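Everything on this sheet refers to the single structure shown next.
Residue numbers count from 1 along this sequence. Keep in mind that this is a model prediction, so the values were computed, not measured.
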Amino acid sequence: VINSGLSATAALTDNGDNTYSVTIADVDAGGNLIESLSTAVTLTATDAVNNTATDNSLTLLLDKTAPSGYSVSFDESFYISTNAANASFTFTGALINAVFNFTISSDGGAGTVTGSGTTTTADQQITGIDLSGLPDGNLSLSVTLTDEAGNVGVTATDNTADKDTS
């Protein structure tokens, strides 16, 4: 029991490196996950001959808040034969240490360019994107951020660039 009167399910996973991961789903009587700033957990381990060890130092933080408030924009309005192989976009207000995933497509035909990485600054520029395989047309950029807790933010988009290499 995590909180008095409430039930919880806990799973202990052996990480194989002398550490363990604990997953606890704290739920109310209706089965709803309870969100609080933190939950203190007491762990007691018992071996085969009933020796016990207790650790009261574990505090779990529940994070259900997805990254928000960020935007993306192409760094150029037009991509031509001289810059299409080295395109870039820039974040504004990105969560630092979030994983980003992007897709760029053209309304001129099939195909996408995808990529991913980790943000290191809030206003990070993502460079070295090769758009030369996309057909000419208006370009659409779609990007999501995923925080360290696995929460995925709303898709940020930009449709203000064109590719014309003819």
field: Short side-chain to backbone donor-acceptor contact, Tyr79 and Asn86, under 3.5 Å
entry: no
- prompt: Should Asp164 and Phe78 be marked as a side-chain contact (heavy atoms from CB on, under 4.5 Å) after you check the CA-CA gap, both sets of side-chain angles, and the distance that decides it?
  reply: CA-CA 7 Å; Asp164 186 355; Phe78 295 99; over 6 Å; no
field: Sequence-distant partners of Thr127, side-chain hydrogen bond (donor to acceptor under 3.5 Å, both in side chains), two or more places apart
entry: none
- line: Output for pair (Leu134 CG, Thr112 OG1), nearest 0.5 Å, gives 7.5 Å
Leu139 CG to Glu76 CD distance, which is reported to the nearest 0.5 Å: 12.0 Å
- line: dist Asp147:CG -> Thr119:OG1 (nearest 0.5 Å) comes out at 10.5 Å
message: The test is side-chain contact (heavy atoms from CB on, under 4.5 Å); show your working for Ile129 and Phe102 and say whether it passes.
response: CA-CA 11 Å; Ile129 303 167; Phe102 72 85; 3.9 Å; yes
List, one per line, each side-chain donor-acceptor pair under 3.5 Å for residues 87-101, sequence neighbours excluded.
{"from": "Ser88", "atom 1": "OG", "to": "Asp75", "atom 2": "OD2", "distance (Å)": "2.6"}
{"from": "Thr90", "atom 1": "OG1", "to": "Asp75", "atom 2": "OD1", "distance (Å)": "2.7"}
{"from": "Thr90", "atom 1": "OG1", "to": "Asp75", "atom 2": "OD2", "distance (Å)": "3.2"}

- line: Residues passing the side-chain hydrogen bond (donor to acceptor under 3.5 Å, both in side chains) test with Thr165, sequence neighbours excluded, are Asp136
task: Calculate, to the nearest 0.5 Å, the distance between atoms OG and CG belonging to Ser132 and Asn83 respectively.
output: 11.0 Å
message: Quick check for you: to the nearest 0.5 Å, what is the distance between Asp107 atom CG and Lys163 atom NZ?
response: 12.0 Å
task: Using side-chain hydrogen bond (donor to acceptor under 3.5 Å, both in side chains) as the criterion, point out the one residue from Asp158, Asp162, Thr157 that pairs with Thr160.
output: Asp158
- prompt: Could you state the interatomic distance from OG (Ser105) to CG (Leu131), rounded to the nearest 0.5 Å?
  reply: 10.5 Å
